[in-house]
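Down below is the structure, laid out as structure tokens.
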Amino acid sequence: MAAPSGGVNCEEFAEFQELLKVMRTIDDRIVHELNTTVPTASFAGKIDASQTCKQLYESLKEAHASRDRVIKNCIAQTSSVVKHLREEREKNLDDLTLLKQLRKEQTKLKWMQSELNVEEVVNDRSWKVFNERCRIHFKPPKNE
């Protein structure tokens with residue numbers, strides 16, 4: 001699933017996480033997808049497995065790239081906010097509200113950065129399952 005066209009709300013981490021959850025649907029359902037679309041040896045003649053695997057490959061690739069863009073975009077936005085708050089904090093060391101806001105944004109930034117690690121695990125799992133079922137039907141291009 002691609003990112004929503006209206007943009008991504010990076011302000012609220014819960015909304016950010018919910019969006020990623022929805023965008024990871026293809027990865028969550030890959031085993032089911034492969035079981036229902038890539039035939040076993042006894043049904044091999046009835047379905048074009050190479051075309052099915054190619055379409056799934058393209059879908060996975062696009063979903064992974066889309067999520068990567070969303071995560072990195074939110075990390076960049078939040079990093080910018082943190083930088084701005086740090087600069088403001090240096091000008092006004094006595095402002096506790098500013099300090100609280102800075103800490104909140106720093107925490108959110110760490111959580112968003114940890115989503116990159118989650119993304120790596122999710123992607124690795126999906127490609128492993130994909131390769132197990134599709135390796136005899138479809139060979140991805142070497143440059144990707």
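Computed over heavy atoms, backbone and side chain alike; hydrogens, waters and symmetry mates excluded.
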**Prompt:** How far apart are the closest heavy atoms of Glu115 and Phe16, and which atoms are they?
**Reply:** CG-CE2, 3.8 Å
**Message:** Any carboxylate oxygen within less than 4.0 angstrom of a Lys/Arg side-chain nitrogen, looking at Glu62 and Arg69?
**Reply:** yes
**Request:** Kindly say whether Ala76 contributes a backbone atom to a donor-acceptor pair with the side chain of Ser80 at under 3.5 angstrom?
**Result:** no
**Asked** Does atom CD of Glu11 have more than 12 heavy-atom neighbours from other groups under 6.0 Å away?
**Response** no
**Message:** I'd like to check Leu99 versus Lys104 (side-chain heavy atoms, cut-off strictly below 4.5 Å). Are they in contact?
**Reply:** no
**Message:** In terms of relative ring orientation, are His64 and Trp127 parallel, tilted or perpendicular, with 30° and 60° separating the classes?
**Reply:** perpendicular
**Request:** Take Met23 and Leu19, measure what side chain to side chain contact (heavy atoms under 4.5 Å, CB included) needs, and give me the verdict at the end.
**Result:** CA-CA 6 Å; Met23 292 176 75; Leu19 173 65; 3.7 Å; yes
**Point-to-point distance, once rounded to the nearest 0.5 Å, from CG of Asn73 to SG of Cys10** = 5.5 Å
**Contact check, side chains of Tyr57 and Ser59, non-hydrogen atoms, under 4.5 Å** = no
**Request:** Go through the structure and list residues passing salt bridge (charged side-chain N to carboxylate O under 4.0 Å, His left out) with Glu105, not counting sequence neighbours.
**Result:** Lys108
**Item:** Any residue meeting side-chain contact (heavy atoms from CB on, under 4.5 Å) with Asp68, in chain and number order, not counting sequence neighbours
**Value:** Lys72, Leu116
**Item:** Passing option when Thr78 is tested against Gln113, Met112, Gln106 for side-chain contact (heavy atoms from CB on, under 4.5 Å)
**Value:** Met112
**Item:** Pairs meeting criterion ring-ring contact (aromatic ring centres under 6.0 Å, His included) with involvement of residues 90-121, two or more places apart
**Value:** Phe13-Trp111
**Contacts of Lys128 that satisfy salt bridge (charged side-chain N to carboxylate O under 4.0 Å, His left out) - sequence neighbours left out** = Glu132
**Asked** Just wondering, do Val31 and Asn35 contact through their side chains at under 4.5 Å, heavy atoms?
**Response** yes
**Request:** Compare all side-chain heavy atoms of His137 with those of Gln51 and state whether any distance is below 4.5 angstrom.
**Result:** no
**Message:** Arg29: which residues meet the side-chain contact (heavy atoms from CB on, under 4.5 Å) condition with it, sequence neighbours left out?
**Reply:** Thr25
**Asked** Should Arg125 and Val121 count as side-chain neighbours, where that means a heavy-atom distance under 4.5 Å?
**Response** no
Contacts table for residues 81-90: side-chain donor-acceptor under 3.5 angstrom, sequence neighbours left out:
unit_1: Arg89; atom_1: NH1; unit_2: Leu93; atom_2: O; d: 2.4
unit_1: Arg89; atom_1: NH2; unit_2: Leu93; atom_2: O; d: 3.4

**Asked** Would you call Asn123 and Glu119 a side-chain contact if the rule is heavy atoms closer than 4.5 Å?
**Response** yes
**Request:** Mind checking the CG-CG spacing from Leu56 to Leu34? Nearest 0.5 Å is all I need.
**Result:** 5.5 Å
**Request:** Specify the closest pair of heavy atoms between Cys53 and Phe138, including all atoms of both residues, with the distance to one decimal.
**Result:** CB-CB, 3.6 Å
**Item:** Nearest-0.5 Å distance that lies between atom NZ in Lys61 and atom OG in Ser66
**Value:** 13.5 Å
**Prompt:** According to a 4.5 Å side-chain heavy-atom criterion applied to Ile, Leu, Val, Met, Phe, Trp and Tyr, with indirect links allowed, do Val122 and Val8 form part of one hydrophobic cluster?
**Reply:** no
**Pairwise distance CZ(Arg103) to CG(Leu96) - rounded to 0.5 angstrom** = 11.0 Å
**Item:** Spatial distance of atom CG (Leu60) from atom CD1 (Ile30) [nearest 0.5 Å]
**Value:** 4.5 Å
**Request:** Would you please test Glu15 and Leu20 for side chain to side chain contact (heavy atoms under 4.5 Å, CB included) and show each step?
**Result:** CA-CA 9 Å; Glu15 288 180 36; Leu20 289 178; over 6 Å; no
**Prompt:** Got a second to check how far Asp27's CG is from Glu33's CD, nearest 0.5 Å?
**Reply:** 11.5 Å
